[in-house]
Amino acid sequence: MNFYHKYQAEFKEYDAMAEDFIDDDKIWDQLNKAANPSKAVVRKVLAKAEGKVRLEPEEVAILIQNQDPETIDEMYALANRIKREVYGDRIVFFAPLYISNKCANNCRYCGFRRENKLVERRTLTLEEIAEEVKTMISEGQKRTVLVYGESPETGIDFICDSIRQVYRTKWGNGEIRRANINCAPLSREELAKLKEVGIGTFQVFQETYHHQTYREMHPAGTIKSHYRWRLYAQDRALDVGLDDVAIGVLFGLYDWRFEVMGLLYHTIHLEEKYNGVGPHTISFPRIEPAIGTPFAAQPKYAVSDEEFKKIVAILRLAVPYAGLILTARENPEVRREVLPVGVTQIDAGTRIGVGGYRQAAGNMLPDKEQFQLGDTRSLDQVIYETCQMGNIPSFCTACYRAGRTGEDFMAVAKSSFVHNFCMPNAILTLKEYLLDFATEETKQAGEKAIAQCLDRMADDKIKNFLRQALARMEEGERDIRV
Ligand code: SAM
Ligand code: SF4
C-alpha cells in the first residue's frame with residue numbers, strides 16, 4: 001500500500017464528523033468581545049485563577065487581550081505563585097533523543113520536510129541508539145523524549161524496538177527511567193503497542209489550530225495534511241489507556257492569541273470526554289530558523305519575547321495542573337525570564353542532530369538538525385543556574401514507575417502530594433546527579449539548594465527521612481524514592 005494511504009480507513013471516522021471542537025469563528029468572536037478589558041475585569045479573572053481552577057474561554061480571552069502593564073505584572077506574580085503552590089520549587093529536567101529525520105511529510109516550517117535536500121537523512125540503528133543513550137546517561141540524564149519523523153522506516157514496530165532499546169541500555173549507575181514519545185499521530189492499534197512497551201507521555205503538537213493555516217502549512221497529499229487525524233491523536237491514545245498525553249502549538253504559524261484559545265479548547269475537550277483528565281503537559285515551541293527552510297527564517301506571525309512570556313503565564317493560570325515545557329529552542333536569557341512565570345519542565349544538554357550526543361561528545365559539528373538550538377549549554381551548567389535561582393532540579397520518574405498516570409496523576413496533582421512526595425523525590429534525584437555527574441561548582445550550588453529546601457520544610461517526618469536517605473546515598477545507595 002502507498003504510504004500516504006496508510007490511514008485512509010481510519011480517516012473516515014473523522015471525515016464523517018460534521019464539525020470538530022475548534023470553532024474558528026467562535027474563537028475570534030470571543031477574542032474580539034474581550035478587547036481592551038478594564039483593570040477591574042482583568043482582576044476578576046485573576047481572582048478566579050487564585051482558586052487554581054481551569055479557566056473558561058471567555059476568561060482566558062480577557063487575559064490574552066489585556067495590554068495594561070500593571071495588571072500584566074500582577075498576572076506574572078500570580079502565575080509564579082500558582083506554579084509554586086501546585087508544583088513546588090522544582091523544575092523537571094529531560095533531554096530529547098532524535099531517532100530519525102526521515103520524513104514523508106512536507107511541513108513548510110520544518111528542516112526535516114521531504115523536499116529539503118540540504119539535510120542528510122538518517123535513522124539510528126539499535127546499536128547507535130544504545131550509544132546515544134549511554135552518552136546521555138553519562139551526562140546525568142534520566143528522562144528523555146524520543147523524536148521521529150513520519151516515514152515507512154520508522155513504523156510502529158521500529159518505534160517499539162527503539163523504546164525497548166532505550167530502557168535496556170545502562171551505563172554505570174545510570175539508566176533512562178522515563179521515555180516520552182513525540183511522533184506522528186498513530187492509530188489505536190499502533191498506540192496499543194506503545195502502551196505495551198511502556199512509554200511516559202505521548203506528545204503530538206497540533207502546530208496550528210487554525211484550519212486554513214493548517215492547510216497552508218501541510219501540503220495536500222501528505223498524511224500530516226489531515227487536520228482531524230492529528231486533532232484527535234490524544235483521544236485515540238486515551239481510548240487505549242495511554243493516559244499521559246501532551247498537546248502543543250508551534251508558535252509563529254498563526255496569531256498567538258488564537259492558538260492559546262485552541263490549546264484551551266483542546267484541554268476542555270479532553271477533560272470533558274475523559275473524566276477530567278486534561279493534557280499532562282503543554283508545549284509552546286516558537287519557530288526557529290532551520291537549514292534549507294526559508295519559511296522558518298521569517299514566520300509571518302513571529303511571537304516576540306514579551307508575548308512569549310505572556311503566553312506562558314496565561315497557560316499557567318488557564319490550566320493550573322498541566323506541566324509546561326520550555327525547550328532549549330529558546331536562548332538562556334529568554335529561559336531565565338520565562339521560567340518563573342509557570343514553567344515546570346526544561347530540557348538541557350540537548351542535542352537535536354540525529355546522532356548528536358555522540359557527535360557533540362567528540363566535538364563534531366552537527367549536520368542533521370531540525371532547527372537551530374537557542375540554548376547549547378551543558379546539563380551541568382543549567383543545573384547550576386537552576387539551583388542558583390532557588391529551584392530544585394528534578395529527575396524524578398516515581399509517578400510513572402508507580403503507575404500514577406492520567407486520572408490518578410490528576411488526583412495527586414490536586415492534593416498536598418506534590419509537597420509530600422514530589423519535592424522529596426526531586427531532592428533525592430538531584431542528590432544522585434550531584435554525587436555521580438556534577439562538577440565541583442554545581443555540587444556546591446546543589447548542596448546549598450538542598451539544605452535551603454530542607455530548612456523550609458515544615459514536616460519533620462519527611463525531613464528526617466530525607467536526611468537519612470541522603471546519608472545512605474553518600475554511602476553508595478541509589479534510586480531511593482518516596
Ligand atoms: N514528525 C512528528 C510530528 O511532526 O509530529 C514529530 C517530530 S517533529 C520533529 C516535533 C515538533 O518539532 C513538531 O511537532 C513541530 O512543532 C516542531 N518543529 C518543526 N519545525 C520546527 C522549527 N523550524 N522550529 C521549531 N520547532 C519546529
Ligand atoms: Fe516531518 Fe514532523 Fe518535520 Fe513535519 S514537523 S516535516 S511531520 S518531522
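Because the structure is predicted, anything quoted here is derived from the model rather than measured. FYI, the numbering just counts along the sequence from 1.
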**OP:** Test Glu447 against Gln444 for side-chain contact (heavy atoms from CB on, under 4.5 Å), laying out the working first.
**Re:** CA-CA 5 Å; Glu447 292 293 352; Gln444 283 174 20; 6.0 Å; no
Original post:
Should Ser100 and Glu153 be marked as a side-chain hydrogen bond (donor to acceptor under 3.5 Å, both in side chains) after you check the CA-CA gap, both sets of side-chain angles, and the distance that decides it?
Top reply: CA-CA 9 Å; Ser100 173; Glu153 218 173 84; 5.1 Å; no
Subject >> side-chain contact (heavy atoms from CB on, under 4.5 Å) assessment of Lys309 paired with Tyr76 >> reply: CA-CA 9 Å; Lys309 185 174 174 184; Tyr76 290 154; 3.6 Å; yes
Original post:
Would Asp235 and His269 count as a side-chain hydrogen bond (donor to acceptor under 3.5 Å, both in side chains) if you check the C-alpha gap in whole Å, the side-chain angles of each, and the deciding distance to 0.1 Å?
Top reply: CA-CA 9 Å; Asp235 289 53; His269 164 79; 2.7 Å; yes
Subject >> Step-by-step side-chain hydrogen bond (donor to acceptor under 3.5 Å, both in side chains) determination, Tyr148 to Ser162 >> reply: CA-CA 11 Å; Tyr148 308 80; Ser162 60; 2.7 Å; yes
Original post:
Ser138 and Thr135: side-chain hydrogen bond (donor to acceptor under 3.5 Å, both in side chains), yes or no, with the steps?
Top reply: CA-CA 5 Å; Ser138 74; Thr135 308; 5.4 Å; no
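Salt-bridge check for Arg54 with Glu56: passed, with a basic side-chain N closer than 4.0 Å to an acidic carboxylate O. Salt bridge status for Lys431 with Glu474: present, with a side-chain N to carboxylate O gap under 4.0 Å. Between Arg177 and Glu432, at least one side-chain N (NZ, or NE/NH1/NH2) sits under 4.0 Å from a carboxylate O, which counts as a salt bridge. The pair Glu306-Lys310 fails the salt-bridge criterion, with no side-chain N (NZ, NE, NH1 or NH2) lying under 4.0 Å from an Asp/Glu carboxylate O. For the pair Glu288 and Arg329, the salt-bridge criterion is not met [side-chain N within less than 4.0 Å of a carboxylate O]. We find that Lys6 and Glu190 are joined by a salt bridge, their nearest charged nitrogen and carboxylate oxygen being less than 4.0 Å apart. With respect to Asp375 and Arg377, a salt bridge is recorded, a charged nitrogen being found less than 4.0 Å from a carboxylate O. In summary, Arg335 and Glu385 do not engage in a salt bridge, as defined by a charged side-chain N under 4.0 Å from a carboxylate O. For the pair Arg188 and Glu13, the salt-bridge criterion is met [side-chain N within less than 4.0 Å of a carboxylate O]. Under a 4.0 Å N-O distance rule, the pair Arg164/Asp161 qualifies as a salt bridge. Ion pairing of Arg358 with Glu128 is absent here, as no side-chain N (NZ or NE/NH1/NH2) approaches a carboxylate O to less than 4.0 Å. The pair Glu150-Lys224 fails the salt-bridge criterion, with no side-chain N (NZ, NE, NH1 or NH2) lying under 4.0 Å from an Asp/Glu carboxylate O. Salt-bridge check for Lys443 with Asp380: failed, with every basic side-chain N at 4.0 Å or more from each acidic carboxylate O.
The closest side-chain donor-acceptor pair between Thr397 and Arg143, if any, does not fall under 3.5 angstrom. Side chains of His280 and Asp243: no donor on one and acceptor on the other come within 3.5 Å. Donor-acceptor pairing under 3.5 Å is recorded for the side chains of His266 and Tyr209.
Taking the six-membered ring for Trp and the full ring otherwise, Tyr433 and Phe395 have centroids separated by under 6.0 Å. Residues Tyr232 and Phe21 place their aromatic rings such that the two centres sit under 6.0 Å apart. Between Tyr227 and Tyr214, the ring center distance clears the sub-6.0 Å criterion.
Around the CD atom of Glu333, the shell of radius 6.0 Å holds more than 12 heavy atoms that belong to other residues, nucleotides or ligands. By the neighbour-count criterion of 12 heavy atoms within 6.0 Å, atom NZ of Lys273 is densely surrounded, having more than that number from other residues, nucleotides or ligands.
The minimum heavy-atom distance between Phe202 and Ala233, with the atom names listed, is CE2-O, 4.1 Å. Between Phe251 and Leu263, the shortest heavy-atom contact is CZ-CD1, 4.3 Å. Pairing each heavy atom of Ala449 with each of Cys387, the nearest pair is CB-CB, 4.1 Å. Of all heavy-atom pairs spanning Val245 and Ala237, the tightest one is CG1-CB, 3.8 Å. Contact between Ile287 and Gly252 at its shortest, heavy atoms only, is CD1-C, 4.0 Å. For the residue pair Val343 and Val338, the shortest heavy atom distance occurs at CG2-O, 3.8 Å.
Both tests do not hold together for Arg286 against Trp256: distance to the six-membered ring centre under 6.0 Å, angle to the ring axis within 45°. No cation-pi contact links Lys142 to Phe93, judged by a cut-off of 6.0 Å to the six-membered ring centre and 45° from its axis.
In this structure, Leu242 CG and Leu186 CG are separated by 9.5 Å, a value rounded to the nearest 0.5 Å. We find the CG-CZ distance between Asn101 and Arg113 to be 13.0 Å, quoted to the nearest 0.5 Å.
A donor-acceptor pair under 3.5 Å links the side-chain atoms of Arg236 to the main chain of Trp229, judged by distance alone. Of the possible donor and acceptor atoms, none in the side chain of Lys52 sits under 3.5 Å from a partner among the backbone N and O of Ile82. Proximity of a side-chain donor or acceptor of Asp244 to a complementary backbone N or O of Gly200 within less than 3.5 Å is not detected. The closest donor-acceptor contact from the side chain of Arg351 to the backbone of Gly356 lies at 3.5 Å or more, if one exists at all. No donor-acceptor distance shorter than 3.5 angstrom exists from the side chain of Glu132 to the backbone of Leu97, with no hydrogens or angles considered.
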